[in-house]
Each structure stands twice: as C-alpha cells, then as structure tokens.
Amino acid sequence: MRLLNLSIIFLLLFSCHSSQPVLKKQIDPYQYEINKKVIATNGAIASAHPLASKVGLMIMQNGGNAFDAVIATQLALAVVYPNAGNIGGGGFMVARLANGETISLDYREMAPGAAHRDMYLDDKGNVIPGLSTLGHLSAGVPGTVAGLFESMKYAKLPFEQLIAPAINLAEKGFVITDSEARGLNNLQPDLKKYNTVSNIFQKEHGWKAGDTLIQRELANTLKRIKDRGAAGFYEGETANLIVAEMKRGKGIISLEDLKNYKAKWRTPHSFTYRGYKVISMPMPSSGGVLLNQMLKMVEPFPLAQYGFHSPEALQLMVEVERRAYADRAEHLGDADFYNVPISVLVNESYLKQRMQDFKAGLASTSEDVKPGKIPMNGSEQTTHISVMDKNGNMVAVTTTLNNSYGSKTIVGGAGFLLNDEMDDFSAKPGVPNIYGALGGEANAIAPGKRMLSAMTPTLVLDNEKPFLVIGTPGGTTIITSVFQTIVNIIDFKLSTEEAVNKPKFHHQWYPDHVDVEPEFPQNARTALERMGYKINQRSPIGRTEVIRILKNGKMEAVADNRGDDSAAGY
Ligand code: GLY
C-alpha cells in the first residue's frame, strides 16, 4: 500500500451539474492510495489506476452493477491513464450475467474505408518504418465509445451518472504518479513530431509526480458524449475534429467511417480445462482460441507433479506457446473477412498432433515447428479491468490504444489520443509488427476489417460457479500471461498474488527465443539453456488483474505489482 505525498488536499463530489444525481461517495483525486489486494463481499474491481478502481467501486456502492462499474472505470481510465485508457481506441468485453448467460462484445478498431493492404509499403514493396505505429495513418476507426453504449444494455444506472466521474477528473484534474510522469516525459519528442496543434500533455520542463493534470478539451468531448450518446463522438463536433485532424496529418479516417462504426456482439469462445469452464474472447481476438490451444496442449501432462517453474513445466509451456503462435501467424484474422478454421485449431486430436514432435528435455526450433496443416474441408500498452458485483455478474474488459499512448497523435481540440491499432494487421507477410508477431493473408489489411488482437478478457467457472475474472495488457504476451496465471492457480495452486506477480515467460514462435522477466530465476534459465533454448531478458510482462472467488464466497481482487494497478472492493 502506498500513499501519494501531496500538498493540496480537497475532495470532489462526482456530479457535473446540479440536475444530475449526486453520488453519495467521494473520491479525492489529489491524494489516493494504491491497494494491491482487497477482500470484498459486495463488489470488487482491479484496474490499472487507483482512481479508476475507486470510480468503479463508488459506482457499485451507489447501486450500480458490474457493468455500470466497468463502463465508468473505462471512462475514468481514458482520463487518468492516457497511455492505454481511451476513447480513441477499442476493446473487448467478456461477461457472465448473474443468471448464467455468457456474452462477449467486440469494439475493436476497424480499418478505415480508404485503407488498403499495401498502405504501409514503399514503391519497392518494403514496409516504411513507423508508418503503422506513429501518427495519423496508424489509427484505426475507434470502437470504445460504441462499445460503452452497447454495454449499457446490461447497466442499471443512467449513462450521465457513469460518465460524471470522468468529466470531473478531466475538468478539475488529478495528480499524476511517478510512473505517469515518466511516461509523459518519455512521450515529449513524439508529441512534437506527431501532432499538428499543441496539447495538454506537452510540457517544456517535464512532468513530475504530484503535478496536476487538467484536460479541459477532453472534458468537453466527454460532455458531448454525455449529451448526445455515441453520436457525441461519431458525429457532430467530435467527428469533425477527428476528420480535421486527419486532414492536417494525412490520415484517412472519414466522417463516413466514424458514422458507420458498429460494436458487435459475439459468441464467447468457451471450453473446459481440467473440469473448469473457461470463457474467453472469440475472433477478432486470437486470445480465446490460443488460450484454448495452450491449455488443451498441456492438459494431458502432469503439470502439478512437475511443479511451478520446474524445467519440465517451463519447457512444456514454452513449446505449447510456440506452436499456438505459429498457428496464429498463419491462420488467424478477422473471421468476418477470412475463413478462420477455428474448430480444427482447437480440436483435441489436432492439438495432440501438434505436440507429436515435442521432445522432453530438448528445445524444438521454430524453423521446424511450422503452423499446423488445416484440411481444406475443414512498450506495448493495453489495459484490463476485472469486476464482479454482489449479484454474481462477472465482467472482464481489455481495452487498448495498442502502443503506449497509441499513435501519439491527439485530436486537436478534442483532447484525446488516437490508437495505432493498424499495426496489429500484417503490413506485409513475413514482416513482424511492433510485437515481433508475424501474419499473412488471414490478417492482411482490408477496408472495414478488424485487426487481429491478442486481448484475452477471460472468466473461469468452477462447477458452473464464478471462480476467476482475469485479463492483462501486454501485446502478444497477453495470451501467455493469462495462460500462465490460470495454470499457476489451477495446477500449481499458487495464491492469487503469487500467480499474478511471480515472473512470467513468453514464446511466440518468432523470434525463436524465450522472453523472461528480469526476476525470472537463474536456475530455471540455466535449465532451459541446457535444453537448447535461447533466453532473452526483457521488460516486465503484463499487468494482470484477477478477481478470485474464495471458498467462503468472498471476492479477492488482486492488482499486479508491475504498475500503479490497484484493487478496490466493499
Ligand atoms: N494491440 C494489442 C492487441 O490487441 O493485441
């Protein structure tokens, strides 16, 4: 638990106008604590920012359910966590209603109508560095606001009450943490390069912890959304500001693209693992399918007997990750545009076949492990919120701008960052994206198509009863983090905090090495190296937020130690 050391202290009531319902609880945006673990009876939430988690908690304490909380928390994150919280990006929601119904919502960004498959190539056919990750052309049509309004179908409170905390945080400001100050300071050179007008994030002498960030233009954009609903973003003044920004910066998102954007309800991707039911995100996220592949490939092996971080367990998990990512590169893309062979990819005999060349104690190579053959008939930043309420509604939302601070382009006059999600398409077969991930025809760019994602908002049921709400940011490492956290809990019987915080590892087929966090144990590294694996130490992997329902029915919310992530509950 950490207390921010701040001088100015006063409280804000989260109501914008006297005509709006005044929420009884208060949040102090100038002094707040980070809570890594909370045990709750009535409602629990974990998100990337303490103020956002407090907003979700306050909404539940004021009569809202888990859907109200997740909507208000996403809006708050768009203000207090600009490197990934957003209204200029997209996301996915997986939820289970108190009555047992499971749902999933796709509000992934979409390629603009003027996009085409070679749009990031020069006239020699080479990828132009940075074009799909920085600036106006890297942005897909944002989906978040459409997703929030679709999610309102399951909410109880009026939208104006859910957006009020975000408006207040933007208008009156909040103090930034040390890691936010560092993030904004690192951003300064890109802010100069990729913006056409000056903006609130630019600061000549740099940001420091304890500074107050006030975002008036963003507050006005949020007010237009409050007053006009989704049309306050996709039409009228906000849409005009986005398109004007595109014109100034040679981007291609049009008024028509914005007006036509639709969030889509999807059938969740569900399967069982060692008797537990796993409910995750279907296409256009690869999360559910790859999580299914990885868990089913390890299921025949006695992982618990091998032990946590044992050489046997690590090797097995690395090899299933390698094989799943090889399939992703070849076969996965927006299933509305490409015939993705999902039923084959998760078929148990297909997965058994994929593991036939696995040799215990000896590293495979990615050159030898090709994507599976399908019969013809047949500085990464994202953010995750886990919420559960007293009625048993479980909601997992992962949302993103792609990179940290997305395209680094802020819509002039509207105060929000645009995503650089176009980089999640395959710009050219065989050329890796920013996460080093490969792709081909399945994930080629086409107008109106949604780029392949790795986001894996996931629920786990034990005997049809709520057990885990889980998810994380981390680009391609998202799926391996969710996979490892589930295995850590189910197989290795780790506590929730250990399952979240113990060092993680990652293999994604190419590059052919095992990524490990700095704290990954030396003896485990040595054991893997002896088997022939190349080890690559990298920055921390993921920021996993978990709610686990304990045997006594209480909710244990755990927020990852790797960032300012914070849990709240009551
Ligand atoms: N932009 C990261 C993902 O969707 O996988």
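The chain is numbered in sequence order, starting from 1.
Pairs engaging residues 43-99 under the ring pair (Phe, Tyr, Trp, His ring centres under 6.0 Å) rule: Y32-H49, F67-Y154 [sequence neighbours left out]. For residues 445-498, the set of pairs meeting the ring pair (Phe, Tyr, Trp, His ring centres under 6.0 Å) definition, not counting sequence neighbours, comprises Y276-F467, F308-F492.
Using a 3.5 Å distance cut-off with no hydrogens or angles, the side chains of N35 and S566 do not pair a donor with an acceptor. The closest side-chain donor-acceptor pair between R108 and S285, if any, does not fall under 3.5 angstrom. A donor-acceptor contact closer than 3.5 angstrom links the side chains of N347 and S349. At a cut-off of 3.5 Å, with distance as the only test, no side-chain donor of N292 or S280 sits close to an acceptor on the other residue. Checked by atom type, the side-chain pair R96/T102 shows no donor-acceptor distance below 3.5 Å. No donor-acceptor contact under 3.5 angstrom links the side chains of Q484 and S481, judged on distance only. Inspection of the R228 and T238 side chains reveals no N or O donor paired with an N or O acceptor under 3.5 Å. Using a 3.5 Å distance cut-off with no hydrogens or angles, the side chains of D389 and N65 do not pair a donor with an acceptor. Judged by distance alone, the side chains of T73 and S47 never bring a donor and an acceptor atom under 3.5 Å apart. No hydrogens or angles considered: nothing links the side chains of N419 and Y405 as a donor-acceptor pair under 3.5 Å. Side-chain contact check for T496 and E556: at least one donor-acceptor pair (N or O, by modelled atom type) lies under 3.5 Å. For the residue pair D327 and Y350, a side-chain donor N or O sits within less than 3.5 Å of a side-chain acceptor on the partner. In this model, a donor atom of one side chain and an acceptor atom of the other lie less than 3.5 Å apart for T480 and H506.
For the side-chain contact (heavy atoms from CB on, under 4.5 Å) test, residues two or more places apart in sequence or in another chain that qualify with L452 are M283, S286, R328, L332, N443. F425 is linked by a ring-ring contact (aromatic ring centres under 6.0 Å, His included) to nothing, counting only residues two or more places apart in sequence or in another chain. Judged as a ring-ring contact (aromatic ring centres under 6.0 Å, His included), and not counting sequence neighbours, Y306 has no contacts. In this structure D515 satisfies the side chain to side chain donor-acceptor pair (under 3.5 Å) test together with H513, N536, sequence neighbours excluded.
Atom CD of E498 has more than 12 heavy atoms from other residues, nucleotides or ligands within 6.0 Å.
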>> What verdict does the side chain to side chain contact (heavy atoms under 4.5 Å, CB included) test give for I45 and E545, after you've listed the backbone C-alpha separation in whole Å, the side-chain angles of each residue and the deciding distance to 0.1 Å?
In response: CA-CA 9 Å; I45 181 161; E545 324 289 7; over 6 Å; no

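A salt bridge does not link D560 to K36: none of the charged nitrogens lies less than 4.0 Å from a carboxylate oxygen.
Interatomic distance, D423 CG to S138 OG, rounded to the nearest 0.5 Å: 8.0 Å.
The shortest distance between side-chain heavy atoms of T400 and S453 does not fall below 4.5 Å.
Relative ring orientation between F358 and F301 is described as perpendicular, the plane-to-plane angle rising above 60° on a 0-90° scale split at 30° and 60°.
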